[in-house]
Amino acid sequence: MHHFHDASAVVRALSPDEPVIINRPHAAARAARFFVEKFPGKSLYAVKANPSPELLQVLWDSGVTHYDVASIAEVRMARTALPEAELCFMHPVKTSSAIREAYFDHGVKTFSLDSHEELEKIVAATTREDGTVAADLRLCVRLRVSSEHAKLSLAAKFGVDLVDAASLLQAVRQVADWLGVCFHVGSQAMTPFAYVQAMERVRVAIVDAAVTVDIIDVGGGFPSIYPGMEPPPLEDYFASIHRAFESLPVSYSSELWCEPGRALCAEYNSLIVKVEKRRGDELYINEGAYGALFDAAHIGWRFPVKLLRDSAEEPSDDFAFFGPTCDDMDYMEGPFALPSDVQAGDWIEIGMLGAYGAAMRTKFNGFGQGEVVETTDEPMFSQYLGDRRDPRVSDNVVSLR
Ligand SMILES: *Cc1c(COP(=O)(O)O)cnc(C)c1O
C-alpha cells in the first residue's frame with residue numbers, strides 16, 4: 001500500500017482517473033483505544049460498518065477483542081483475519097447451517113435472538129450428533145426499543161416487544177449458560193437519553209421475567225460527526241449508560257457490552273473523486289449511489305467535502321453530485337459546499353466515509369474500481385482529538401439543520 005501525507009499529495013502523485021480510498025489507521029486506532037479505555041464495559045466492533053481486514057487488524061492491535069458479526073461470511077472473514085478474536089453472532093434471524101458452522105467450526109458461543117423459533121433453531125443447531133446439548137451458549141435476547149433519537153431507525157425489523165419479553169427471557173434462561181439482553185437504539189443516536197430510555201425498558205423486562213441476567217448489551221448507535229450533525233461528547237453517552245447499568249437489577253458479576261460500528265470506523269476512510277462534468281450547481285463525479293455514497297444518495301446523508309487545489313474562492317456554494325452510472329437515482333442532493341470555480345478535471349476529497357461508505361461499494365455498471373492508499377493527516381472531523389473541531393465554524397459546512 002502506498003503512503004502519502006494527505007489527499008492533495010495523492011492527487012499530485014497519481015492524478016487518479018478512478019476514485020481513491022484513503023485509509024487512516026491512526027484514526028481508527030485512536031477511536032478503538034478511546035472505547036477500550038473509556039467505555040465502562042466491553043466494546044464489540046460491529047463488523048458490518050466496515051469489514052476491511054486491515055481495519056480489523058488495527059482494531060485488534062488497539063485492544064478490541066470482541067467482534068459483532070451478522071452473517072456466516074462475516075464469521076469466516078473475521079475468523080480468518082483474527083484467529084483469536086471472540087466472535088458474537090448478533091443477527092436475530094440466522095440459518096441453521098450458519099449457526100452450526102459458527103458454533104462447531106469457528107468457536108462462536110454468543111448469539112442473539114428475538115423469538116422462541118430462533119431459540120429452538122439455535123438449540124437444535126448446536127446439539128451434537130450424540131444428542132449432547134450445548135452447555136456453553138451465551139444468548140442475548142434482542143429487545144425492541146425506540147429509534148426516535150437516532151438518524152437511522154433500527155426499530156421496525158428486530159426485537160421482541162416488551163409484552164412478549166418475559167416468556168422469551170425465561171425460556172432462554174433454561175438453556176443458556178449466560179443470558180443477555182441487547183437492543184439497538186438506531187444508528188447515529190444524537191443524545192445519550194436514547195440509551196437511558198432503552199435501559200428503562202430493559203429494567204421492566206428483567207423485573208417482569210424475574211430472571212438472572214449476565215450481560216447487558218447496549219448495542220451500537222454511537223454517533224460520529226457530520227456536517228450539520230454534531231453530537232454531544234461520547235463521554236456523556238458512557239456516563240449515562242454506566243449510571244443506568246448500575247441501577248439495573250442484575251447481579252454484581254454481570255457484564256456491560258456495547259457494539260459500536262460507526263463510531264469506531266467513520267474517521268478511518270475518506271475518498272478522492274474526480275469531477276467529470278459540471279452542469280450549473282451539479283457535479284458529475286466518479287463515485288455514487290452504488291458505491292461509497294450510498295447513504296448520501298438514499299437517505300440524504302451529508303459528508304464533508306474539500307476541493308483538492310488552491311482556489312481564491314471560499315467553499316460557500318451549494319452543489320449536488322451525480323454518480324457515474326447511467327441511473328437517474330445515482331444522485332446525491334447534499335448540499336456539498338465547494339468554491340464557485342470548481343470545474344471538470346478537479347479532484348474532491350469526501351470525508352468521514354469509513355462507516356457504511358467504503359463498505360457499500362459495488363461493481364454495478366462497471367464502476368467501483370480504484371486504488372486504496374494510506375495517509376497520515378487527520379480526518380476532516382474527529383471526536384477523539386482533544387481540540388475537537390466545531391463543524392459550525394468549519395469551511396466544509398454551510399448550514400446546520
Ligand atoms: C449495525 C449494528 C451495530 C452497529 O451500529 P452503529 O450504529 O454503526 O454503531 C451494532 N449492533 C447490531 C446488532 C447492528 O445491527
Side-chain angles (χ1 to χ4, degrees), residues 28 31-32 34-35 39 41-52 55-56 59 64 66-71 73-75 78 86-94 98 102 108 110-115 118 138-160 180-192 194-195 198 202 215-226 229 231 234 237-238 241 256-269 292 294-295 299 301 303 352-360 383-384:
F34 185 95
F35 268 83
F39 182 76
K42 203 163 275 167
S43 300
L44 288 65
Y45 172 57
V47 170
K48 79 165 186 286
N50 187 331
S52 141
L55 172 62
L56 295 188
L59 298 177
V64 177
H66 287 50
Y67 294 78
D68 159 8
V69 285
S71 63
E74 280 186 359
V75 171
E86 186 81 30
L87 305 183
C88 304
F89 206 151
M90 303 308 272
H91 193 306
V93 184
K94 300 164 285 299
V108 178
T110 308
F111 299 87
S112 81
L113 67 149
D114 63 2
S115 68
E118 187 75 7
R138 302 168 174 188
L139 302 182
C140 294
V141 172
R142 169 93 171 247
L143 199 60
R144 187 202 300 275
V145 298
S146 161
S147 268
E148 64 180 307
H149 299 293
K151 292 289 175 184
L152 259 171
S153 173
L154 282 124
K157 193 167 176 182
F158 297 132
V160 62
V181 181
C182 62
F183 58 81
H184 199 301
V185 297
S187 205
Q188 186 77 3
M190 293 301 287
T191 161
Y195 296 87
V202 170
I215 305 167
I216 300 291
D217 178 352
V218 301
F222 297 93
S224 190
I225 304 175
Y226 300 92
M229 281 195 274
L234 286 174
Y237 290 74
F238 295 177
I241 289 168
L256 175 64
W257 291 9
C258 69
E259 303 169 354
R262 180 185 303 282
L264 284 181
C265 62
E267 299 178 16
Y268 178 62
N269 294 120
F294 182 96
D295 280 353
I299 53 173
W301 209 268
F303 295 96
M352 309 304 282
L353 278 171
Y356 309 109
M360 308 299 280
Q383 53 190 342
Y384 304 104

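One is the number of the first residue; the rest follow in order along the sequence. Numbering of ligands and ligand atoms starts at 1, following listing order.
Ranking the protein heavy atoms by distance from atom 13 (C) of ligand 1 puts Glu259 OE1, 3.4 Å first. In terms of protein heavy-atom proximity, atom 3 (C) of ligand 1 is nearest to His184 NE2, 3.3 Å. Looking only at heavy atoms of the protein, atom 8 (O) of ligand 1 is closest to Tyr356 OH, 2.5 Å. When only non-hydrogen protein atoms are considered, atom 14 (C) of ligand 1 lies nearest to Lys48 NZ, 2.9 Å.
Under the rule for a salt bridge (Lys or Arg N to Asp or Glu O under 4.0 Å), Lys151 has no partner lying at least two apart in sequence or in another chain.
In terms of modelled atom types and a separation under 3.5 Å, the side chain of Ser115 and the main chain of Glu118 share a donor-acceptor contact.
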Quiz item: Should Leu256 and Phe39 be marked as a side chain to side chain contact (heavy atoms under 4.5 Å, CB included) after you check the CA-CA gap, both sets of side-chain angles, and the distance that decides it?
Solution: CA-CA 9 Å; Leu256 175 64; Phe39 182 76; 3.9 Å; yes
Quiz item: Would Gln188 and Tyr226 satisfy side chain to side chain contact (heavy atoms under 4.5 Å, CB included), going step by step from the backbone distance to the final call?
Solution: CA-CA 10 Å; Gln188 186 77 3; Tyr226 300 92; 3.5 Å; yes
Quiz item: Checking side chain to side chain contact (heavy atoms under 4.5 Å, CB included) for the pair Phe222/Ile241: CA distance, chi angles, key distance, verdict?
Solution: CA-CA 12 Å; Phe222 297 93; Ile241 289 168; 3.7 Å; yes
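For ligand 1 and Arg262, the ligand atoms under 4.0 Å from any heavy atom of the residue are 6 (P), 8 (O), 9 (O). Those atoms of ligand 1 that come under 4.0 Å of a heavy atom in Arg142, given as number and element, are 13 (C). Ligand-side atoms of ligand 1 in range of Ala46: 3 (C), 4 (C), 10 (C), range being under 4.0 angstrom from any heavy atom. Atoms of ligand 1 found under 4.0 Å from any heavy atom of Asp68 (numbered from 1 in listed order, with element): 10 (C), 11 (N), 12 (C), 13 (C). Taking every non-hydrogen atom of Gly221 and a distance limit under 4.0 Å, the qualifying atoms of ligand 1 come out as 5 (O), 6 (P), 7 (O), 9 (O). For ligand 1, the atoms closer than 4.0 angstrom to any heavy atom of Ser187 are 6 (P), 7 (O), 8 (O).
Atoms OH and CG, on Tyr67 and Leu59 in that order, are 5.0 Å from each other to the nearest 0.5 Å. Taken to the nearest 0.5 Å, the CD atom of Glu259 stands 4.5 Å off from the CG atom of Asp68. Note: Ser153 OG to Glu148 CD = 10.5 Å, rounded to the nearest 0.5 Å.
Aromatic pair Tyr195/Phe238: ring centres not closer than 6.0 Å.
Considering backbone and side-chain N/O atoms, Ala49 never comes within less than 3.5 Å of an N/O atom of ligand 1. The N/O atoms of Gln188, backbone and side chain alike, include none that comes under 3.5 Å of an N/O atom in ligand 1.
Neither the backbone nor the side chain of Leu152 has a heavy atom within less than 4.0 Å of ligand 1.
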